[in-house]
Visitor: 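Quick one: structure below, then a few questions.
Note that the coordinates shown come from a computational prediction; the quantities given were computed from them, not determined experimentally. Below, chain A is the first sequence line, B the second, and so on; all start at residue 1.
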Amino acid sequence: MSDLALYIVRIAFLVVLWIFIFSIISVIRADLFGQKVVSRVTRANAPTKVSSPVLPTAPAPIVSTLPSEAGGVTASRLEITQGERKGTSIRLDRREITIGRAENSDLVINDEYASTHHAKLVLINNEWMLQDLNSTNGTFVDDNRVGTPIVVKIGTPIRIGKTAFELRA
Amino acid sequence: MSVTTNTIALDIRRLSRVIPRNRNIELALLAFAFGINAYELAQIQLSTIQIYNADILTYWLPITLGALAIHLVLRWRASEADALMLPAVVLLNGLGIAEIYRLDLARLANHSTDLFAGKQIVWSCVAMAAAIAVIVFVPTHLFLRRYVYISMFIGLALLISPMLPVIGKTINGAHLWLAIGSLTFQPGELAKIALTVFFAGYLVTRRDSLAVVGRRFLGVQLPRARELGPILAIWAISLLVLVGERDLGTSLLYFGLFLVMIYVATGRPIYVVVGLGLFLTSAVVAARLMTYVSGRVDAWLNPFDSAHYDAIGGSYQLVQGIFGLAHGSVLGSGLGGGVPQLVPLAESDFIIASLGEELGLVGMFAILAIYLLIIARGARIAFQHSDDFSKLLAIGLSFVIALQSFIVIGGVTRVVPLTGLTTPFLAAGGSSLLANWIIVGLLLRISNTSGTHVEVEE
């Protein structure tokens, strides 16, 4: 066997080994870069990654109330402005966004000050209502603690523990 | 609303169980791993004996069939189990067998009859059968919680058994083996599983009192004095292992495992600081008092010193391993192209040096990346769970693999003093294969219940 052939076999083996590793990594990409929160960069490429076990439960009724026809007034995404996941955003493509430490929340906040089911955003009459779910440390809009559900306008900072986010058009 | 949402969510879960996406990914990756394993054997035959013979099938088929058996059992009993763990482990196991076979060929050329690859095949099959038994017979890992104290006794008994006179056996100065007839076994490998189960169960019941903050001293929140009791007990046991079995690695493995689990359970770094302080102090004292430990430390610090290089049990092996790695350079000499047989124990303790020589730095990083992926999957499995016992168990089991790999590979590459632990899944050695495959079986079993458990609770 010629040396050249052996050399090719040898290099090819290392290449194949790394292809194997990268095929495993491609499967867990969702784990590595976050599942539900889609970052600004990858958002355009991977819109379908915004999925959760709860998502397919009620897609049909949402469609009619989707915020798109509201003439740019309704928010289309939620952007995190402070905290661990700063700079990432979630599409507001359903009627209800749950927020909390629970794994199955739409926006998972890993923070000692957040409760398991901390708060939720609900779309009512093309306006997003923020409801605090009796959390221990509270939800703050413009630094005022939320008592009864209130309407959240685009650009108003919402804070839970160390994480702050706001709605964007 | 939420009730209907949940029932619909459960329906979807049931539907997705009919179509096990995880298992199809696993099958595809397994096929890839089988291909790589065959490639390794073919490359070895090509570059050493220049002909292909039936050996390829002998060393490839058994673990391929074993892995397929595990895959089918997972489809049958745990269809939502993690998809990536099995292919990664099969690849490492196959790579280990290929390298051991390659060293056997070198031995045959020297007219030696002391071969290891056949044994490794048999043990791999036994270990895979054990993993299947775990997946089939452990209904849910929570059932292990009932046997927390029994596992403590089993773990301690296994740990201490090599120190007993008649059945204990000393190999290369370490009292780590049990010998029954000609069969030798390292019970410490199985003890790590039993002790992980015990630590998880114990810490779940005690985490609240362990997390209670005691007095403040020099700006550090100290735990209450009586909560240090368990740490001291485990420290005493690991010292006993160090003195009684003359093995630094095993002792470090159990103590490190306990520290990590107590840290994960309480989230308080002070336990790690106190524990590491205790361990380092005792290790320094041991290095002063015990020639075995001081020899290892000296050989680690000055391996190229001729006094250590020529000494019996000195740094000869370590230095040969390093020369091998240097010979391998970046791209390696190719499987079958190097001379890893020059290193003593090249097929067991120094398999990573053999592989490093033949696959080079690029291949060495590939192996480390596969370990990292296996461990990351274990941590991921832990995060998926809502109950603390499962979290701790999964973290503990994956950390055993992490710490053991670190101690061995770090020892061979001179990051830490060399100790006699086995490289998980790669090294020749039945007890190690058996224990690590059981860990894989447990992690797969734990990962299967993860999704559904949350849903049942709500």
Visitor: What part of B:A83 gets within 4.5 angstrom of chain A, counting heavy atoms only: side chain, backbone, both, or neither?
Guide: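 Neither the backbone nor the side chain of B:A83 comes within 4.5 Å of chain A.
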Visitor: Tell me, with the steps shown, if B:I370 and A:I24 meet side chain to side chain contact (heavy atoms under 4.5 Å, CB included).
Guide: CA-CA 9 Å; B:I370 295 171; A:I24 291 186; 6.0 Å; no
Visitor: Of all the heavy-atom pairs spanning B:Q43 and A:R10, show the shortest one and how long it is.
Guide: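 Reported closest heavy-atom pair: NE2-CA, 3.5 Å.
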Visitor: Closest heavy-atom contact between A:V9 and B:Y39?
Guide: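 Smallest interatomic distance, heavy atoms only, reads O-OH, 2.7 Å.
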Visitor: Give me the contact list for residues 351-364 of chain B versus chain A, heavy atoms only, anything under 4.5 Å, ordered by residue number.
Guide: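 Expected list: B:L359, B:V362, B:G363.
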Visitor: State, to 0.1 Å, how close B:L29 and A:F20 come at their nearest heavy-atom pair, and which atoms those are.
Guide: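 Distance-wise, the nearest heavy atoms are O-CE1, 3.6 Å.
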Visitor: Which residues satisfy the side-chain contact (heavy atoms from CB on, under 4.5 Å) test with B:A81, sequence neighbours excluded?
Guide: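 Result, side-chain contact (heavy atoms from CB on, under 4.5 Å) vs B:A81: B:R23, B:L74, B:A78, B:L444, B:S447, B:N448.
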Visitor: Rounded to the nearest 0.5 Å, how far does CG of A:L6 lie from CG of B:L335?
Guide: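 Result: 11.0 Å between the selected atoms.
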Visitor: CG of B:N53: more than 12 outside heavy atoms within 6.0 angstrom?
Guide: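 Yes - once you tally the heavy atoms of other residues, nucleotides and ligands closer than 6.0 Å, there are more than 12.
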Visitor: For a 4.5 angstrom cut-off between non-hydrogen side-chain atoms, does B:F365 reach A:I21?
Guide: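 No, their side chains stay 4.5 Å or more apart.
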Visitor: Output the option from B:G35, B:S333, B:G336, B:A376 having the highest count of non-hydrogen pairs under 4.5 Å with chain A.
Guide: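 Of B:G35, B:S333, B:G336, B:A376, B:S333 has the most heavy-atom pairs under 4.5 Å with chain A.
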Visitor: Hey, what do you get for CG (B:L331) to CG (A:L14), rounding to the nearest 0.5 Å?
Guide: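 So the CG of B:L331 and the CG of A:L14 are separated by 6.5 Å.
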Visitor: Give, as side chain, backbone, both or neither, the part of B:L373 having an atom under 4.5 angstrom from any heavy atom of chain A.
Guide: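 The answer is the side chain of B:L373.
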Visitor: Show the nearest heavy-atom pair for residues A:S23 and B:F32, with the distance to one decimal.
Guide: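 That would be OG-CE1, 3.8 Å.
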Visitor: Less than 4.5 Å to any heavy atom of chain A: does that hold for the side chain of B:A28, its backbone, both, or neither?
Guide: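 It is neither, since no heavy atom gets under 4.5 Å.
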Visitor: Has A:Y7 got a side-chain atom pairing as donor or acceptor with B:G334's backbone, closer than 3.5 angstrom?
Guide: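 Here the side-chain-to-backbone pair does not exist.
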Visitor: Tell me, for B:L95 versus chain A, whether the close heavy atoms (under 4.5 Å) come from the side chain, the backbone, both or neither.
Guide: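 Contact with chain A is through the side chain of B:L95 alone.
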Visitor: Find the distance between CD1 (B:I36) and CD1 (A:I19) and round it off to the nearest 0.5 Å.
Guide: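 These two atoms lie 8.5 Å from each other.
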